[in-house]
Amino acid sequence: VEQTSLMLTSLQTFFAIVPSGQGCNVEEDRYTERVHTIREGDTLELQCLFTGHPRPQIRWTKAGASDRLNESYQHNETLRIENISRHQGGRYYCKAENRHGVPAIRSIRVEVYYLDDPVITVHQSVGESKEQFYFERTVFLRCVANSNPPVHYTWRRGREVLSQGTDSGVEIYEPFFTQGETKILKLKNLRPQDYADYTCMSSVRNICGIEDKSAHFSLSNRTAPPSIKLLLEDPLVVNPGETITLVCVASGGDPPPTLKWVRPGGEEIPKRSVIKRGTLTIPAVTMDDGGTYTCVASNNVGNPAKKSTSILVRGLRKGRFWITPDPYHNDDNIQIGREVKISCQVEATPPEELQFSWLKNGRPLRSSERMVITHTDTDVSPGTTNLDIIDLKFTDFGTYTCVASLRNGGISEISIDVNISSTTVPPELTVPRGRSHLISQEGDTVDLQCLVSGKPKPIILWSRVEEGGAAVSTVALMPDGSAQMESYDGVLRISNVTRDMSGTYCCQTSQYNGFNVKPRKALIQLVVQFPPVVEPVYTEIRQALSRAFVLTCHLLRAHPARLLRYEWKLGSRLLTVGQLSEQQGDTEYQVRALNREGYGEYTCDITNEAGAGRCTFLVTGKANAPEFYYDTYGALWQNRPTVYGFKLQWTQMDPNAVDRILAYRLSFRQMGQSRWWEQEIPIDGNIRMGELLTYNLTELIKPESYLVRLTPITRFGEGDATERIITYSRTYDIMLTREFHCGFEDEVLCLFSQDKTDVFDWTHHSASTRDTKYTPNTGPSSDHTGSKQGFYMYIETSRPRLEGDKALTNNPTYCFSFYYHMYGKHIGALNVFLRQKGQMVTDTSVWSLTGNQGNRWIQAKVDIHPTAAFQIVMEGVRGSGIEGDIAIDDVSIEEGECKDPPPNSKWTVVIHLTSSVSAATELTD
């Protein structure tokens, strides 16, 4: 094993988001953000490319997203969204962190492109419509299509393309504040020739391969907005269980309108309904089906026509009563010689059919001077009837029955019995002795009870009150999430009580089904005890022999928080016990010198009346897992056709936490097979934090992949293992395939990378997306094959580039050829260097050209003769002005000398640039 002095403790040295799936293009937007465009319905794939050690953890997020990203991709290097929809566009962030420094974050904006079918609507100006100017009216044809990017509209009349100014009777314009969203065709003073077939073509100019779409409308002297009528009674009164049919027909409109039924507020039509054109049939109607139904007719001419009807499903519900003592005396009791009123309330549909009758002891009761019966108006719901007994006598005691029914029958009656006697008394509310302050433990079932006396017994209403200050209180929610709960026996049962349910509960009598008097109230205090909450609940501590350390268990909260005891154990062996003071928030246990018997699981239990909270510490001498280094330069090599080698590198996580690492056990197996090979890698001396360790794996069968496992070993025994997969990559097989070619069509740029010592970067671009707004007379209009969609690399010489700035790029081979485009009066220089890596790095110029070469792609070829591991460096140098863009495309490397190399032009011109970054890729010969 090779132990180098290189120390690795940094986060990312390279970090980027690269689209790798379907997409239209990747473009730079105003030099500040990266934008990836994709067509709706395609699959989005974004790769988070990074380096850094230890290997960073990845997390994807979306700005302002209420919907969570798919968990299976949220922590992957590749984010994949199949069948992407327009609402999934936006800014996506990739966050990488590995415990060192500040987490690295990159973002890319995803633009989802789409084009919906256009819709043509026709309107007539309101003033003219009222005057019915049939032959001199103005008509507006509005075309609307939802799209991204903004849609381009074209109007046609028959086969004739209409444009502004071609016809004095036609205007084409976009309403203010709606640019790009709609296009209006205005027909002024409608003429006979304007009666024709109109077509609105919507286009996004074939971006992302989105085809144009069209809508058609035939304008004639019959064209008219819709009108409808309902063939039914309004309101429609039915009994439950009947089948109802609502019929809506179009009485006018051209083109013929479409009809649909809706309910207000977006409420759904009953699912069992049957809709056929304008006819809505609801079988077995229920009271829940009652309400307003609206028929809407639309034909894109004028405004939709709407007509509504009401369905009233006959029925009675929610019968209630209450007794009101004589209001002229300050007494809640019923007494002989005083007045008493019995009220009865029922909800009825339809309310005008509601009728009441009264019985006394089963016999009909009619209104008289002493027995006054009154009813509320029929248009008031719910309906109420009152029986006033004037000057109550002993003979008036008995059972009074209120009977509610609907006038036309067919619905069951509701009867409510109310007993008036010497035992009819208002309610009293008390809490059983010893039950006003309850103490329970978390998880128990607790009963809160209020005793109610009186006749009749009212329903008990429970609510919860939390003190919010000296004079302010706030109502809290009940355990079921409601503001109030009902109880018929005065008992509120709370199962599996939690600490959040502690507080004050109020029981009170309801004002219905009982006396209409001031509610009686009582309060119950509930205290929920819970065991101590402590931290850490579980933690692992790595320690070497003979070291001292301290274990601390922190108390966060507990109830009761007094008389807390603690108990420390190692396994089942008791170490120490004690009691926490009221000021003490934690307890410690100190190990002065760790021996072998001191390894194991330490526990600390902090206990109160409700139970115990436990801190657990696993003290172990196991070494931490090694951390593989994934950014090894030239990790894979080969010197024979059938096998390859791999330079395995790693660092040791916190090596000083435990005893010295004596060796590593290296295990590896071929993917898809079960047999493991093992060998031991001895380690001399101590491993330092961040020290890079290297071991060369040889004789790996090409092109198989291998699973590698590395386990540290100390005198304690084996530590934590870590695994990685080694994959053979054809990227490293250039020497054996004898040829390399790169057309820059992929974002990963073949074997190229940006050099980190230059002033600025080469730009990956295509002519279809490149912005030449500021420098129109420079740079290529397509890639070297003539495709505007094809990609190439170029240097942007507009601001902020300065004269002399350089952009570098590197790559390997023997006969090196490429196409260049050097067009513009400020062209600088394009240089090619052979960089060889021996004991010293040397750069040798092998090709150079300066000055304007015309608006064309030209091929260059050059022979190179490397004697060591090498890179090809391509340098673009900015000239004296902004019309100096230099582009390269279709780079190739072939074994052997170049055939028929083109002559090298000898133009010389000076140039400028602004930021320098180089890209390098090395190939070992």
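In this text, all values refer to a predicted model and were calculated from it rather than measured experimentally. Side chains included, hydrogens not; waters and symmetry mates left out as well; all remaining heavy atoms used.
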Please determine if [X] and [Y] form a salt bridge, counting it only when a charged side-chain N lies under 4.0 Å from a carboxylate O.
{"X": "Arg205", "Y": "Asp212", "result": "no"}
{"X": "Lys188", "Y": "Glu171", "result": "yes"}
{"X": "Asp234", "Y": "Lys307", "result": "no"}

Minimum-distance pair of heavy atoms, taken over all atoms of [X] and [Y]:
{"X": "Pro350", "Y": "Leu312", "value": "CB-CD1, 3.9 Å"}
{"X": "Val204", "Y": "Pro149", "value": "CG1-O, 3.5 Å"}
{"X": "Leu259", "Y": "Ala250", "value": "CD1-N, 4.2 Å"}
{"X": "Gln88", "Y": "Tyr92", "value": "O-OH, 2.5 Å"}
{"X": "Leu187", "Y": "Tyr198", "value": "CD1-OH, 3.5 Å"}
{"X": "Val112", "Y": "Ser85", "value": "CG2-O, 3.8 Å"}

Taking only residues two or more places apart in sequence or in another chain, which ones pass ring-ring contact (aromatic ring centres under 6.0 Å, His included) with Tyr293? none
Quick one: does any side-chain atom of [X] pair with a main-chain N or O of [Y] as donor and acceptor, under 3.5 Å?
{"X": "Lys183", "Y": "Ser202", "answer": "no"}
{"X": "His826", "Y": "Gly884", "answer": "no"}
{"X": "Asp254", "Y": "Pro256", "answer": "no"}
{"X": "Tyr153", "Y": "Ala145", "answer": "yes"}
{"X": "Asn146", "Y": "Leu115", "answer": "no"}
{"X": "Trp155", "Y": "Thr199", "answer": "no"}
{"X": "Ser298", "Y": "Thr258", "answer": "no"}

Hey, could you give me the [atom1]/[atom2] distance between [X] and [Y], rounded to the nearest 0.5 Å?
{"X": "Gln57", "Y": "Glu97", "atom1": "CD", "atom2": "CD", "value": "8.5 Å"}
{"X": "Glu40", "Y": "Asp42", "atom1": "CD", "atom2": "CG", "value": "9.5 Å"}
{"X": "Met822", "Y": "Asn855", "atom1": "CE", "atom2": "CG", "value": "13.5 Å"}
{"X": "Ile184", "Y": "Thr121", "atom1": "CD1", "atom2": "OG1", "value": "8.0 Å"}
{"X": "Leu46", "Y": "His36", "atom1": "CG", "atom2": "NE2", "value": "6.0 Å"}
{"X": "Ile108", "Y": "Arg34", "atom1": "CD1", "atom2": "CZ", "value": "4.5 Å"}

Taking the six-membered ring for Trp, are Phe818 and Tyr820 parallel (under 30°), tilted (30 to 60°) or perpendicular (over 60°)? tilted
Taking the side chain as every heavy atom from C-beta outward, state whether [X] and [Y] have any atom pair closer than 4.5 Å.
{"X": "Leu231", "Y": "Val249", "result": "yes"}
{"X": "Thr286", "Y": "Pro240", "result": "no"}
{"X": "Ser482", "Y": "Leu477", "result": "no"}
{"X": "Leu44", "Y": "Arg80", "result": "no"}
{"X": "Leu49", "Y": "Arg106", "result": "no"}
{"X": "Ile269", "Y": "Ile282", "result": "no"}
{"X": "Ile172", "Y": "Lys186", "result": "no"}
{"X": "Val122", "Y": "Arg142", "result": "no"}

Stepwise side-chain contact (heavy atoms from CB on, under 4.5 Å) test for Val296 and Val262: CA-CA 8 Å; Val296 181; Val262 297; 4.0 Å; yes
Measure from NZ or CZ of Arg86 to the centre of the six-membered ring of Tyr114, then state whether that distance is under 6.0 Å and the direction lies within 45° of the axis. yes
Just do the side-chain contact (heavy atoms from CB on, under 4.5 Å) check on Asn239 and Val313 with the steps written out, would you? CA-CA 6 Å; Asn239 289 326; Val313 182; over 6 Å; no
Just checking Gln164: does its CD atom have more than 12 heavy atoms from other residues, nucleotides or ligands closer to it than 6.0 angstrom? yes
Mind listing the side-chain donor-acceptor pairs of residues 223-230 below 3.5 Å, one per line with the distance, residues two or more places apart or on another chain?
| unit_1 | atom_1 | unit_2 | atom_2 | d |
| --- | --- | --- | --- | --- |
| Thr223 | OG1 | Ser220 | N | 3.0 |
| Thr223 | OG1 | Ser220 | O | 3.1 |
| Ser227 | OG | Ser251 | OG | 3.0 |
| Ser227 | OG | Gly252 | N | 3.1 |

Could you please spell out the steps behind the side-chain contact (heavy atoms from CB on, under 4.5 Å) verdict for Thr154 and Val161? CA-CA 7 Å; Thr154 303; Val161 177; 4.0 Å; yes
Does any pair with a residue in residues 272-284 pass side chain to side chain donor-acceptor pair (under 3.5 Å), and if so which ones, sequence neighbours excluded? Arg272-Asp289
Please assess Thr294 against Trp261 for the test side-chain contact (heavy atoms from CB on, under 4.5 Å), listing each intermediate value before the final yes or no. CA-CA 6 Å; Thr294 302; Trp261 285 94; 5.7 Å; no
Can you check salt bridge (charged side-chain N to carboxylate O under 4.0 Å, His left out) on Arg156 and Asp197, steps first, answer last? CA-CA 8 Å; Arg156 289 185 181 181; Asp197 293 332; over 6 Å; no
Distance-only donor-acceptor check, side chains Glu211 and Asn206, under 3.5 Å: no
Looking only at side chains, do His123 and Asn303 share a donor and an acceptor under 3.5 Å apart? no
